[in-house]
There are 4 protein chains.
Amino acid sequence: MKKKKAAAARSPAARAPGRPRSDASRAAILKAAYQILRESGFAKFTVEGVAARAGAGKATIYRWWTSKGTLAVEAFMVAIAPRMDAVRESASPLADLRKQVHLAAAIYRGRAGQLVRELIALGQADSDTGKLLLSDFLEPRRKAALTALRRAYAGGELRREIDIEVLADVLWGPIFHRVLINRASINKVFIDKLLDVVLQGAATGAHVSRPSPG
Amino acid sequence: MKKKKAAAARSPAARAPGRPRSDASRAAILKAAYQILRESGFAKFTVEGVAARAGAGKATIYRWWTSKGTLAVEAFMVAIAPRMDAVRESASPLADLRKQVHLAAAIYRGRAGQLVRELIALGQADSDTGKLLLSDFLEPRRKAALTALRRAYAGGELRREIDIEVLADVLWGPIFHRVLINRASINKVFIDKLLDVVLQGAATGAHVSRPSPG
Amino acid sequence: MKKKKAAAARSPAARAPGRPRSDASRAAILKAAYQILRESGFAKFTVEGVAARAGAGKATIYRWWTSKGTLAVEAFMVAIAPRMDAVRESASPLADLRKQVHLAAAIYRGRAGQLVRELIALGQADSDTGKLLLSDFLEPRRKAALTALRRAYAGGELRREIDIEVLADVLWGPIFHRVLINRASINKVFIDKLLDVVLQGAATGAHVSRPSPG
Amino acid sequence: MKKKKAAAARSPAARAPGRPRSDASRAAILKAAYQILRESGFAKFTVEGVAARAGAGKATIYRWWTSKGTLAVEAFMVAIAPRMDAVRESASPLADLRKQVHLAAAIYRGRAGQLVRELIALGQADSDTGKLLLSDFLEPRRKAALTALRRAYAGGELRREIDIEVLADVLWGPIFHRVLINRASINKVFIDKLLDVVLQGAATGAHVSRPSPG
DNA sequence: ACTTAACCGAGACGGTACGTCTGGTCTTACA
DNA sequence: TGTAAGACCAGACGTACCGTCTCGGTTAAGT
């Protein structure tokens, strides 16, 4: 992530000189980092603590991550991201969108919600961390929503004058608002109401296509 | 603010024994705190720095504020809050709402935007700070919006099945989303589009009452 | 001790105006001070602690004592000094001297020994304290010894060329040396040996007049 | 000095892992500490000040010294102790003793006298400091005197019934008494009188072996 | 009885230093 | 060259006391 080195790859035998990076070490560090995050939250997340639990040196951590924030973000993503990409495309883009948002909200309701809270907070103070979290975690989710919205737009399900970019913010914004500011619940009922209001304002017909409420 | 002691209550003039709190000191501390926040942001905001600039002792700060976060929030509010209450009620609640949101966005576009970003971030780590910021700054703004929405609801301008609480989150959420996460601009065009989408989804007729776009 | 005011004295009825000093308060402060010294030593002796235990205000303490050291010294003396003046003059000045030294050593072996240690230490850092301790406590003991020595000298019991002042230091010095530096025991055997050596070096005949060793 | 860890012991070349202690840092700290002691005395001797002047971190100081007292003692000794070991053995142990005592008194008359005063005082409050000062500075001087006394005793120059240990206290005690308590001068005349009285009391013949008073 | 002045308890104040903690860098020996 | 270990600088943290100050209220003597 920090250094590139033209990516070996030329031939199967081509290798950089010196001892190669230890993947065992990298994995141990990320695992220890995530464990600490999960057990104690970011407040007790210290580089020394991670190094000690991983049996690694602090210098090794700083060689591969620019700051403790970027380490925390990467550790979080390795553990969490896979769970968020579970929605597959169907014939109805708006239905896909609903599923995506419900899934994310479900995840944010749990332990992961507290972690994103803290990571977003960290991103305000440390720009490396903020950029990494945005580009590698938050932006991809938004992109997925944008894709669905674009398909719906192309399929004529959204009003012509709608700004898709704005619509994406209108969808995700209230969720983070409740997570970060309100601390109000983001339960299923809320998500449904949110989707209803937003799609009501954006959709063409009255057919907001909410699935039967069971 | 910190201790109550059952309030003596004998007469309205009852006073605690001992030297009373110095208002000059309190004011100097808040002023110094705000100056540092404005000049250098929260990164360089230290209790030692505030004490030194205010000509106060650190102990005095810790006597009256539980953490540096609560001090920062209070200093911010003393300086900023007055500017946000400038919207007076008119005959049209939805027009009032538009004005409120535009005004807040205008303020958040400036220096204050960075400060709320940092204070909200701080509130994630320190619950005292988070509660204070919410109860004394963020919640009052949301309440103002709720009041306008309720008036509109009562006046039949909003659809019967709308949940007003959700609607408030849908209005403010996207703004904070851009401030905290996207870092996308919250310019007037965006705010107008936001209001259009949201009120389109919530209003009864097609009359979304956007003022003529000049 | 702190203020003089021309010493009343003009007539038996002359008095300063205003509320007179409260003796109850003075006594409570000295008592509390001594209790803390005895229970916890000088390490935990704080003016705030004394004021709290005495039910007095800190200002009251600083009105009558220049520093916490002088308070400690006075509290110590009020409690200890009376025990040290118990030796009455007899026909044999050197025997009196022996009794004085043995008595002082006995007292220094106990709790009081630790307190003088700490007070002498304090006197090194704070000159008010040092002067007070010297003039009101240590010097008077030395003076008593000097008086006995002078009587012995006048009675021809000491060699003509002896310097009495030096002799006093030679008597007391080793005791404080053990209390402050060595931490070696100042038991009766040591005191006797000390007296033997010193008086052997100073007395005229071989008659060092040690009482029968029972 | 602080941790031992059973000393590896495998071979004389065994070393602890990790970065070794920086001698440059240690030397800079001791130097800065002594400079501050010499310039301002112990009153203005603060760990923060030492760290700042040495260009060291406070943590580094606390890693290697248990308290500011032990740091002060070590800094003092590194600078002063060499000057006190300048007396070489001659044929006359009592003459050596006289020289030792005169040399020490000469040193204590200067700046070092104030420092030992303050360090001894400090040793009363902090037992680590007291023990270190005693074992590494005061006791060795006393040992040197004891050695000379033992030689004199073996040579028949001291009376059979004399307790050498007591005699050492009788020699050094009065000097510290004047330094710590009296604040009386420890000039050459005093030291000579002191030695005369003490050796008169301890020596066998009348030959107290004072060098001709020129 | 009324005024005046110094007293008193309480506790907030500015200030200084404490000893702890963590972030990020540097220096060893070994692999 | 990478790694574990751990010492290093830097600097903020929150605490503890110092000695001073500012309240409201008390207690005499002098009017």
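In what follows, every chain begins at residue 1, and chains take the letters A, B, ... in the order their sequences are listed.
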Legend entry - Distance in Å, A:K68 NZ paired with A:T46 OG1, rounded so as to fall on 0.5 Å steps: 7.0 Å
Inset, instruction - Examine the base of E:dG9 for any acceptor or donor lying under 3.5 Å from a partner atom in the side chain of C:K58, and report the outcome as yes or no. - result: no
Legend entry - Strand contacts (DNA chain F) in residues 123-133 of chain D, 4.0 angstrom heavy-atom criterion: none
Legend entry - Heavy-atom pair with the smallest gap, counting every atom of C:T129 and C:T70: OG1-N, 3.5 Å
Legend entry - Nearest-nucleotide 5' precedence on DNA chain E, B:I29 against C:I29: C:I29
Legend entry - Euclidean distance, B:F76 CZ relative to B:L133 CG, rounded to 0.5 Å: 7.5 Å
Inset, instruction - Could you check how far CZ of C:R63 sits from C1' of E:dG9, rounded to whole Å? - result: 10 Å
Return the polar atom pairs (N/O with N/O) between nucleotides 27-29 of chain E and the protein under 3.5 Å, or none.
unit_1, atom_1, unit_2, atom_2, d
E:dT27, O4', D:R19, NE, 3.3

Inset, instruction - Let me see the working for C:R21 and C:W64 under side chain to side chain contact (heavy atoms under 4.5 Å, CB included), right down to the final yes or no. - result: CA-CA 10 Å; C:R21 177 174 184 184; C:W64 302 110; 3.4 Å; yes
Inset, instruction - Using whole Å, report how far CD1 of A:I61 lies from P of F:dG2. - result: 16 Å
Inset, instruction - Tell me, please, which residues at least two apart from C:A121 pass side-chain contact (heavy atoms from CB on, under 4.5 Å). - result: D:A121, D:Q124
Inset, instruction - Give, for atom CZ of A:R63 and atom CZ of A:R26, the distance between the pair rounded to the nearest 0.5 Å. - result: 15.0 Å
Inset, instruction - Please report the C-alpha distance between A:W65 and A:I29 in whole Å, then the side-chain angles of each, then the deciding distance to 0.1 Å, and finally whether the side chain to side chain contact (heavy atoms under 4.5 Å, CB included) criterion is met. - result: CA-CA 11 Å; A:W65 288 273; A:I29 289 168; 3.8 Å; yes
Inset, instruction - Would you please name every residue forming a side-chain contact (heavy atoms from CB on, under 4.5 Å) with C:A75, sequence neighbours left out? - result: C:L30, C:A33, C:Y34
Inset, instruction - Answer yes or no: does a side-chain N or O of B:S25 lie under 4.0 Å from OP1 or OP2 of E:dG14? - result: yes
Legend entry - Nearest-nucleotide comparison on DNA chain E, the residue closer to the 5′ end among C:T60 and A:S67: C:T60
Legend entry - Exam field: side chain B:K58 to backbone B:V47, donor-acceptor pair closer than 3.5 Å: no
Inset, instruction - Please check the phosphate of F:dT3 (OP1 and OP2 only) for any side-chain N or O of A:W64 closer than 4.0 Å. - result: yes
Inset, instruction - Would you mind reading off the distance between B:R26 atom CZ and E:dG14 atom P, rounded to a whole angstrom? - result: 14 Å
Inset, instruction - Can you sort out which residues in residues 45-56 of chain D have a heavy atom within less than 4.0 Å of DNA chain E? Ascending by number, please. - result: D:T46, D:V47, D:E48
Inset, instruction - Mind running side chain to side chain contact (heavy atoms under 4.5 Å, CB included) on A:V73 and A:D136 for me, showing each step along the way? - result: CA-CA 9 Å; A:V73 169; A:D136 285 23; 5.7 Å; no
Legend entry - Atom-to-atom span, OH of C:Y62 to P of E:dC13 - whole angstrom: 18 Å
Inset, instruction - For the helix from E:dA1-F:dT31 to E:dA31-F:dT1, measure the angle between the helix axis at one end and the axis at the other, each built from five pairs, rounding to 10°. - result: 10°
Inset, instruction - Would you give the length of the straight line joining atom CZ of D:R117 to atom CD1 of C:I120, rounded to the nearest 0.5 angstrom? - result: 12.5 Å
Inset, instruction - In whole angstrom, give the distance that lies between atom NZ of A:K68 and atom P of E:dT25. - result: 14 Å
Inset, instruction - Locate the shortest heavy-atom distance separating C:A72 from C:L37; write the atom from each residue and the value. - result: O-CD1, 3.8 Å
Legend entry - Interatomic distance, B:L71 CG vs F:dA12 P [rounded to whole Å]: 16 Å
Inset, instruction - Please round to the nearest 0.5 Å and tell me the distance separating atom OG of A:S67 and atom CG of A:L122. - result: 7.0 Å
Inset, instruction - For B:T66 and B:D128, test the side chains for any donor-to-acceptor distance below 3.5 angstrom and give the result as yes or no. - result: yes
Legend entry - Phosphate OP1/OP2 of E:dG24: any A:W65 side-chain N/O under 4.0 Å: no
